[in-house]
Amino acid sequence: MEKGPRKVPRAVFGVAVVVLLASAATDPGTLPQTTQFPAADTAQFDAETQALWQGVVTGSVSTALPSFFPRSAYIQLKTGLANPSADWQNRLVADFGLDIEAAHALLGPDAAAATFVGVSVPEQYGHWIPPGVCANGIGYYEVANARLVYSLGGQVRSFGIASLISWRGTWYVVHLGAILRSSTSGVVDDPEAGPGTSAPSQTC
């Protein structure tokens, strides 16, 4: 069963900063992958989603970057690419930045007044991507169509997170607005009034 967005009290935001600083002490991408299925109710994931939200509110990709799949992990993962580090920076992070800007624009001039409610992850749709596909040298879990839920002007609203993938039992954003895109513009995935709904999808 799909869980609703995990509500994050304001008091937790200070804890989130501590969690992110502690996790930064050891770059997770320098450690080997595991087959642990990620949970969406951990302090680490809360910290990531709060970083993502603050990036959306401010329109800052650097603020949101702690929620993004680590470069070092991507280098381990994409053994079939000639230069995975460049692909991470020039394609994935570049698209992420465009989508952060688009989501910020969606909030409008009152973005600073928006309140983060939580992220709803449809864990029942999570699936394992095995090695040997899409230039992957190792496997990972993927779940599409999570929902970022917020309140603005007294109304609950939401938009999608196109794809989360796992590293060592933690979810990270790898595509925010779209997995595939036909232009160089940022994308907001399925903005809706209310918490929205997640649909099953399988990608790599």
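Numbers here are sequence positions counted from 1. Only a predicted model underlies this, so the values are computations on that prediction, with no experimental measurement involved.
Partners of Y150 by ring-ring contact (aromatic ring centres under 6.0 Å, His included), not counting sequence neighbours, listed by chain and number: W53. Here D87 pairs with Y74, R91 under the side-chain hydrogen bond (donor to acceptor under 3.5 Å, both in side chains) rule; sequence neighbours left out. Among residues two or more places apart in sequence or in another chain, the side-chain hydrogen bond (donor to acceptor under 3.5 Å, both in side chains) test is passed with S85 by R71. Legend: residues meeting side-chain hydrogen bond (donor to acceptor under 3.5 Å, both in side chains) with S60, ordered by chain and number and at least two apart, are S62, T63. For D189, there are no side-chain hydrogen bond (donor to acceptor under 3.5 Å, both in side chains) partners, not counting sequence neighbours. Qualifying salt bridge (Lys or Arg N to Asp or Glu O under 4.0 Å) partners for R168, counting only residues two or more places apart in sequence or in other chains: none.
Looking at E142, its side chain never comes within 3.5 Å of a backbone N or O of S163 through a donor-acceptor pair. Looking at W88, its side chain does come within 3.5 Å of a backbone N or O of F69 through a donor-acceptor pair. With hydrogens and angles ignored, the 3.5 Å screen pairs a side-chain donor or acceptor of Q76 with a backbone N or O of L31. The closest donor-acceptor contact from the side chain of S198 to the backbone of N145 lies under 3.5 Å. Counting only distance, with no hydrogens or angles, the side chain of D190 and the backbone of G160 share no donor-acceptor pair below 3.5 Å. With hydrogens and angles ignored, the 3.5 Å screen pairs no side-chain donor or acceptor of N136 with any backbone N or O of P131.
In summary, the aromatic rings of F37 and W171 are positioned with their centroids under 6.0 Å apart.
At a cut-off of 3.5 Å, with distance as the only test, no side-chain donor of Q54 or Q50 sits close to an acceptor on the other residue.
Smallest separation of non-hydrogen atoms from S67 and F96: OG-CZ, 3.8 Å.
Put simply, CG on L52 and CZ on F116 are 7.5 Å apart, with the number rounded to the nearest 0.5 Å.
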